[in-house]
Amino acid sequence: MDLNKTIAKLGSWIVTVTVFLFALFLIINYPMGYYFVCLILPLGFIMMTAGLHNECENDRKVAANTGLILAAIYGTFIMLVCFFWKKHMERSLR
């Protein structure tokens, strides 16, 4: 079993499940659910992107490195947005 492929597949499953749950929680209007899902989604996305980076050919490594860096930036921004959104919600519920 190749651990690199396993991690990439796990990341893909995490992204698929979290996007589905995010849509479901939006439909049923459950804010804590889509808040929690938004914290997990970037981790799966980074895992998936790292797997794609590992599988690419040497002549495409620059594009793969760029994608991996952008995935990390995306993950950081999403985590910050979710953190500040939670703080905002806590203040508005008081």
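Keep in mind that what you see is a predicted model, and the values were worked out from it rather than measured. One-based numbering along the sequence shown.
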- Counting distance only, does the side-chain N/O of Asn54 pair as donor-acceptor with the main-chain N or O of Ala50 below 3.5 Å?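 No, Asn54 side chain to Ala50 backbone: no donor-acceptor pair under 3.5 Å.
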- With no hydrogens and no angle check, is any side-chain donor or acceptor of Lys9 less than 3.5 Å from a backbone partner on Asn4?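 No; zero donor-acceptor contacts below 3.5 Å.
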Between [X] and [Y], which heavy-atom pair has the shortest distance, and what is it?
| X | Y | answer |
| --- | --- | --- |
| Pro42 | Ile78 | CG-CG2, 3.5 Å |
| Met47 | Ile7 | CE-O, 3.6 Å |
| Cys56 | Lys61 | SG-CD, 3.7 Å |
| Val15 | Phe45 | CG2-N, 3.4 Å |
| Phe25 | Tyr34 | CD1-N, 3.6 Å |
| Leu68 | His53 | CD2-CG, 4.1 Å |

- Task: Quick one: pull up CG in Leu26 and CG in Leu21 and give me the separation to the nearest 0.5 Å.
- Result: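 Between Leu26 CG and Leu21 CG, I get 11.0 Å after rounding to 0.5 Å.
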Are [Y] and [X] connected into the same hydrophobic cluster when the rule is that any two of I, L, V, M, F, W, Y join if their side-chain heavy atoms are below 4.5 Å apart?
| X | Y | result |
| --- | --- | --- |
| Tyr74 | Met79 | no |
| Leu52 | Leu70 | no |
| Ile69 | Val62 | no |
| Met32 | Val17 | yes |
| Leu39 | Leu24 | yes |

- Query: Please walk me through it: do Tyr30 and Val37 pass side-chain contact (heavy atoms from CB on, under 4.5 Å)?
  - Reply: CA-CA 11 Å; Tyr30 182 56; Val37 167; over 6 Å; no
- Message: Suppose we screen for side-chain contact (heavy atoms from CB on, under 4.5 Å). Which residues come up paired with Ile40, at least two apart in sequence or across chains?
- Response: Ile14, Thr18, Phe36
- Can you name the side-chain contact (heavy atoms from CB on, under 4.5 Å) partners of Ile46, sequence neighbours left out? Ala71
